[in-house]
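Atoms considered below: every heavy atom in the structure, side chains included; atoms not considered: hydrogens, waters and symmetry mates. On a predicted model such as this, the values are computed, not experimentally measured, just so you know. Residue indices begin at 1 and follow the sequence shown. Numbering of ligands and ligand atoms starts at 1, following listing order.
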Amino acid sequence: MQSLLQNASEILRENDLGTYTVPTHGLYPFQWNWDSCLTALGQAYFDEERAWREIETLFAHQWEDGMVPHIIFHKEDDGYFPGPDVWATGRDVPTSGITQPAVAGFAIKRLFDRAKDRELADAKARALLPKVKAWHDWFFANRDPQGTGLVAILHPWESGRDNSVDWDAAFERVPTDGVLPFIRRDLQHADADHRPTQAQYERYIWLVQLFRSLDWDNSKLHDASPFQVVDPGFNGILLRSCMDLADLADALGEVEVAESSRAQAGKGIAAMDTLWSDAHGQYLCQDRVLGELIDSPSVGGLLAAFAQIPSERAAIIAERITKIAELVNYLVPSHDPASSDYDGKRYWRGPAWLIVNYMISDGLSRAGQTAVAQRIAQSSVKLIEQSGFAEYYDPKSGEPCGGTRFTWTAAMVIEFISQTQLE
Ligand code: DGY
């Protein structure tokens with residue numbers, strides 16, 4: 001365990017560019033939103049100041065309307081597509097124009113709770129609190145215009161689960177005509193069989209071009225997008241962050257932020273029940289354009305357990321993961337291994353990801369499902385012992401896939417080893 005911790009810390013340092021950390025050199029040469037927030041948890045073990053700075057850097061590029069972009073292009077690198085010229089968001093330091101799972105509220109609460117340097121934590125959390133709140137408010141104002149309590153993603157990249165089976169049917173509505181020619185750079189760094197397909201990339205870019213044609217005006221994008229999906233995993237992360245922000249605000253004496261954040265979390269968690277599927281024993285995505293649930297049992301519906309869902313729902317999710325475990329050697333596959341759409345090596349259509357494992361395990365543990373939570377933690381560490389610090393893994397063979405020496409995988413290993421009593 002000691003050598004795993006040491007290797008993990010080395011990876012965090014190797015990918016650290018001073019004020020932000022790249023997910024891995026080559027494949028992802030900029031700052032990614034949820035990567036950074038989860039990375040900070042690992043950094044805090046050896047440098048609390050550095051951990052706070054990771055999240056501060058991200059929020060220094062928050063848009064005026066409150067959105068926090070999914071990529072900050074701090075410096076030029078033509079090894080990535082789509083770069084700043086494709087996004088054309090007109091920012092001084094270029095950013096993408098879409099967002100990513102809102103895990104910052106959870107991350108800063110966790111940094112704050114564990115901080116040894118209390119004075120530093122108090123100052124940093126106090127400064128970040130209104131910024132995270134503004135991001136949450138942005139979500140509910142712009143991505144939930146009907147006030148349902150749940151927000152929609154408008155681009156698969158926002159979910160972080162880029163090529164999940166969940167998006168396939170809704171993606172049929174996204175055309176590809178008018179997509180400008182492009183050269184993918186990801187395939188220079190990773191195996192094409194482990195990445196999204198060319199057809200998916202064309203649709204990803206079509207959506208970017210649509211939003212760009214609307215000048216990235218967030219008050220227009222939701223209704224204009226043919227792709228509006230309510231993802232239980234994405235909402236679970238946001239609602240957990242709202243709840244954590246409420247608790248953090250209480251600790252800092254910020255009563256209004258606490259009340260408003262708690263109301264957002266409560267309303268969202270109640271609304272989440274509309275996504276529950278008895279047949280699958282988990283939550284499902286909803287296609288907001290059609291107003292229908294999407295019959296795709298992915299890890300998004302398990303990840304919802306990161307929020308404070310009702311305990312009977314958490315118990316059924318724990319049972320479901322136990323069943324899934326009979327079909328794989330490593331938890332938690334990103335898609336149901338019994339489904340014909342399952343593809344164990346292709347990014348989010350089957351592979352296991354440590355960040356998702358960490359959030360599911362954390363949520364289940366809080367809900368009292370400690371045996372399954374512990375099993376996920378053990379499986380995660382075993383995977384790294386056997387296959388190194390990859391971006392994701394084939395849940396049957398354990399084969400490492402995607403990028404190597406991966407930052408958030410390293411951060412999660414530090415978290416699992418330090419926080420869980422592993423045998
Ligand atoms: C990528 O480029 O694969 C990212 O996941 C998009 O953010």
Please produce the table of protein N or O atoms sitting under 3.5 Å from N or O atoms belonging to ligand 1, one pair a line, distance to 0.1 Å.
{"unit_1": "ligand 1", "atom_1": "2 (O)", "unit_2": "Tyr80", "atom_2": "OH", "d": "2.6"}
{"unit_1": "ligand 1", "atom_1": "3 (O)", "unit_2": "Asp162", "atom_2": "OD2", "d": "3.4"}
{"unit_1": "ligand 1", "atom_1": "3 (O)", "unit_2": "Arg195", "atom_2": "NH2", "d": "2.8"}
{"unit_1": "ligand 1", "atom_1": "3 (O)", "unit_2": "Tyr347", "atom_2": "OH", "d": "3.0"}
{"unit_1": "ligand 1", "atom_1": "5 (O)", "unit_2": "Asp162", "atom_2": "OD2", "d": "2.6"}
{"unit_1": "ligand 1", "atom_1": "5 (O)", "unit_2": "Tyr347", "atom_2": "OH", "d": "3.1"}
{"unit_1": "ligand 1", "atom_1": "7 (O)", "unit_2": "Trp32", "atom_2": "NE1", "d": "3.0"}
{"unit_1": "ligand 1", "atom_1": "7 (O)", "unit_2": "His70", "atom_2": "NE2", "d": "2.8"}

Using the ring of Phe46 (Phe, Tyr or Trp, six-membered ring only), decide whether Arg13 places NZ or CZ under 6.0 Å from its centre and within 45 degrees of its axis. yes
For Trp32, the option from Trp157, Tyr80, Trp408 that meets ring-ring contact (aromatic ring centres under 6.0 Å, His included): Tyr80
Can you confirm if the aromatic rings of Tyr204 and Phe81 lie within a centre distance of less than 6.0 Å? no
If the plane angle is over 60° it's perpendicular, under 30° parallel, otherwise tilted; pick one for Trp87 and His155. tilted
Selection residues 407-417 - residue pairs positive for salt bridge (Lys or Arg N to Asp or Glu O under 4.0 Å), sequence neighbours left out: Arg114-Glu415
Working note: Gln386 + Tyr330, criterion side chain to side chain contact (heavy atoms under 4.5 Å, CB included); need CA distance, chi angles, decisive distance, verdict. CA-CA 11 Å; Gln386 292 179 1; Tyr330 303 94; 2.3 Å; yes
